[in-house]
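Order of appearance sets the numbers: ligands from 1, and atoms from 1 within every ligand. Throughout, residue positions are numbered sequentially from 1 according to the sequence presented.
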Amino acid sequence: MYICETKEHLREVMSSFKAKGSVGLVPTMGYLHDGHMTLVRTAANENDAVVASIFVNPTQFGSQDDLEKYPRDMERDLMMLRDAGVAAVFTPTPEVMYHPDRQTIVETTDLANKLMGALRPGHFRGVATVVTKLFNLFQPDRAYFGEKDYQQLAVIRTMVRDLDIPVIIRGVPTVREADGLAMSSRNARLTEHARAAAPILWQSFQRAKELLVTGANAATLRQAIWDMIAQEPLARVESVDIQDAATLAPVDGPITSDIVILLAVTFDPVLLIDQCVFKVAKETS
Ligand code: PAF
């Protein structure tokens, strides 16, 4: 496995891979878990070579503290990628990644500033900018992202569409622990008690499923989920959003098309996000 620390080395390695066949990119911020490895396995099934990046991107963090505390284990990550057959990994420092006088940003204006974007101002601008740079550097045929970060995936799809970036975006279903907690590098920062309490997010999706069968409307659903999670003393509910699964427009009344429920819950100081799509059966005539 090639480990590329500079853009020049990455470009050289990529041109030889691209001459031989298709390339799938898995961008990550490291501290890999089975969710990431599922992206790698999916990419391996669909491409001749899989490449990855490990870069804790400073521009998508709201605070220096959150950035510094983000878990890191480069050696273990590289071992996991090597064992999974990844052909090359890009591991830049912020100084390699960003020009000291950088002036250009990429922002999906509306989509970046609502929902999680309102909770974390600037976050999706940071994501869109770094992912654009990664696409330009790697020029992959396909790129793989987890559906857990539902809005991130929507931002990336929109940006690729609007900027005509020649890459196919694949969303891969969320991978969960046995108790339903969505896998995330942030889980490592939960205290033992918070870790035990965190599956409440998944349990609230099960409750939502029951309520949907009874014909609950969006407002009832939202309130029921909020109340259920808020009963957990270690959880602080930041947002419960019920949106159209395709457009991410808010859904207020009766639920007549597929919805996604987006959760943001803090187990101090760790912000967890999760999502679940609910398909609404269409009547056939
Ligand atoms: O989902 C992530 O790990 C990051 O947001 C990404 C896409 C690698 C960009 O830094």
Fill in: Tyr70 and Phe61 aromatic ring geometry - parallel, tilted or perpendicular at 30°/60° bounds
perpendicular

Discussion item. To the closest 0.5 Å, what do you measure between CZ (Arg142) and CG (Leu25)?
Written reply: 12.5 Å

Show the distances, to 0.1 Å, for all pairs joining an N/O atom of ligand 1 and a protein N/O atom that are shorter than 3.5 Å, listing one pair per line.
from, atom 1, to, atom 2, distance (Å)
ligand 1, 1 (O), Gln152, NE2, 2.8
ligand 1, 5 (O), Gln60, NE2, 2.9
ligand 1, 5 (O), Gln152, OE1, 2.8
ligand 1, 10 (O), Gln60, OE1, 2.6

Worksheet item: Could you give all pairs that pass the salt bridge (charged side-chain N to carboxylate O under 4.0 Å, His left out) test and reach residues 63-73, with sequence neighbours left out?
Response: Asp65-Lys69, Asp66-Arg186, Asp66-Arg189

Fill in: With sequence neighbours excluded, residues passing ring-ring contact (aromatic ring centres under 6.0 Å, His included) with Phe205
none

Worksheet item: Would you say Met116 and Leu153 are hydrophobically clustered, going by side-chain heavy atoms of ILVMFWY under 4.5 Å?
Response: no

Quick one: side chains of residues 224-231, donor-acceptor pairs under 3.5 Å with protein atoms, not counting sequence neighbours, listed by atom name and distance.
from, atom 1, to, atom 2, distance (Å)
Asp227, OD1, Gln223, NE2, 3.1

